[in-house]
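The structure appears below as structure tokens.
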Amino acid sequence: MSVLPFDDRDGFIWFDGKLVPWRDAKIHALTHGLHYGSCVFEGERVYNGNIFKLREHSQRLLDSARILGFEVPFSVEEIDEASKATIAANNIVDGYVRPVAWRGSEMMGVAAQSSRIRVAIATWSWPSYWSPEARMRGIRLNISAWKRPHPETAPTKAKAAGLYMICTMSKHTAEKDGFEDSLMLDWRGQVAEATGANIFFVFGNELHTPAPDCFLDGITRQTVIGIAKARGIKVVERVIMPEEMAKADECFLTGTAAEVTPVREIGPYTFTPGEITRQLIADYDAMVRG
Ligand SMILES: Cc1ncc(COP(=O)(O)O)c(C=O)c1O
């Protein structure tokens with residue numbers, strides 16, 4: 001990972017409708033999205049110069065904004081085209097794309113009905129460093145003290161910046177204690193997801209994953225469910241209690257950044273990344289590069 005700070009790089013960022021030099025994509029300290037969390041974003045991967053599931057991500061950006069009560073002032077087609085133009089301008093072949101939309105500076109109070117909606121799209125190079133063997137060793141997670149909130153407590157269907165506050169706190173604690181990530185339970189105590197990825201378990205020959213009723217139904221999650229079903233693997237979306245992890249054989253995370261990441265430990269529970277995980281990694285890699 002580069003040590004260059006993200007506000008001091010070469011290249012171009014798409015900013016409110018046009019490409020601007022990277023260092024000029026600035027906002028003011030008095031920005032509603034910064035003070036009150038009125039901000040939504042996306043995370044996308046570029047493989048061989050193509051943004052995987054671009055339309056789905058652009059649509060989710062617009063949907064997330066609507067859930068927070070604002071309209072992104074561009075169509076889904078315009079966001080798609082702007083994203084492609086941004087990776088082209090920066091010569092990105094294998095990388096990451098970060099669209100973000102937020103309420104601007106016209107109003108500085110809880111209510112901000114007439115604030116201008118700002119949009120930016122940035123991209124940077126991010127090749128996959130993991131060799132398949134290294135990946136198969138699996139990562140270690142602790143179990144977070146923070147819980148995914150009830151859907152009447154927070155806009156849980158949106159990829160909203162504010163929802164990541166507890167993810168950052170969870171991940172910082174995990175890293176401080178020597179773990180790679182953190183498993184978050186929901187407010188009922190059910191298994192929910194990791195700090196930036198969904199979670200799956202293999203029980204025997206079946207794939208089980210928590211039903212996404214209070215967290216993001218990730219685009220990768222949906223893709224992996226499709227791949228598993230195409231392989232004839234039975235997929236069960238259900239309530240999963242933490243104690244059940246004792247009986248799971250394999251475990252992995254899914255997400256745009258995580259792709260399919262094997263897990264070997266969550267708190268007191270251990271797993272052995274195995275054949276189903278290996279197959280899904282191979283199929284997912286083939287699909288994203290296909
Ligand atoms: C909290 C959280 N859950 C799940 C996901 C997985 O979503 P996707 O597969 O759409 O990237 C992400 C990543 O974007 C995330 O940040």
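FYI, the numbering just counts along the sequence from 1. This structure is a prediction, so every number in the text was calculated from the model and none was measured. We count ligands from 1, going down the list as the structure has it; atoms in each ligand are counted the same way.
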> Can a non-hydrogen atom of Arg60 be found less than 4.0 Å from any atom of ligand 1?
Replying inline: yes
> Looking only at protein heavy atoms, which one is nearest to atom 14 (O) of ligand 1, and how far off is it?
Replying inline: Lys159 NZ, 2.8 Å
> Is the NZ or CZ atom of Arg289 positioned over Tyr47's six-membered ring, under 6.0 angstrom from the centre and within 45° of the axis?
Replying inline: no
> Is it true that the NZ or CZ of Arg118 lies under 6.0 Å from the centre of Phe74's six-membered ring and within 45 degrees of the ring axis?
Replying inline: no
>> Looking only at protein heavy atoms, which one is nearest to atom 7 (O) of ligand 1, and what is the separation?
In response: Gly218 CA, 3.4 Å
>> Is the terminal nitrogen or CZ of Arg9 (NZ for Lys, CZ for Arg) located under 6.0 angstrom from the six-membered ring centre of Phe6 and within 45° of that ring's axis?
In response: yes
> Heavy-atom contacts under 4.0 Å between Ala197 and ligand 1: side chain, backbone, both, or neither?
Replying inline: backbone
> Looking at ligand 1, does any of its N/O atoms fall within less than 3.5 Å of an N/O of Thr220?
Replying inline: yes
> Is Leu163 touching ligand 1 with its side chain, its backbone, both, or neither, if touching means heavy atoms under 4.0 Å apart?
Replying inline: neither
> To which of Pro212, Gly255, Gly196 does the heavy atom nearest atom 12 (C) of ligand 1 belong?
Replying inline: Gly196
> atom 2 (C) of ligand 1: which protein heavy atom is closest, and how many Å away?
Replying inline: Glu193 OE1, 3.5 Å
> Relative to Trp126, does Arg45 satisfy both conditions: NZ or CZ under 6.0 angstrom from the six-membered ring centre, and within 45 degrees of the ring's axis?
Replying inline: yes
> Does Cys167, backbone or side chain, put an N or O under 3.5 Å from an N or O of ligand 1?
Replying inline: no
> Out of Ile13, Asn91, Ile92, which residue meets the side-chain contact (heavy atoms from CB on, under 4.5 Å) rule with Thr123?
Replying inline: Ile92
> Who pairs with Glu180 by side-chain hydrogen bond (donor to acceptor under 3.5 Å, both in side chains), at least two apart in sequence or on another chain?
Replying inline: none
> Counting heavy atoms only, which of Phe215, Tyr164, Phe41, Phe52 comes nearest to atom 16 (O) of ligand 1?
Replying inline: Tyr164
> Relative to the heavy atoms of Thr195, which atoms of ligand 1 are at a distance of less than 4.0 Å?
Replying inline: 1 (C)
>> One pair to check against side chain to side chain donor-acceptor pair (under 3.5 Å): Glu44 and His57. What are the steps and the verdict?
In response: CA-CA 7 Å; Glu44 304 161 6; His57 283 285; 4.5 Å; no
> What heavy-atom pair brings Met169 and Trp146 nearest, and what distance separates the two atoms?
Replying inline: CE-CZ2, 3.7 Å
>> Is there a polar contact, in the sense of an N or O pair closer than 3.5 Å, between Thr256 and ligand 1?
In response: yes
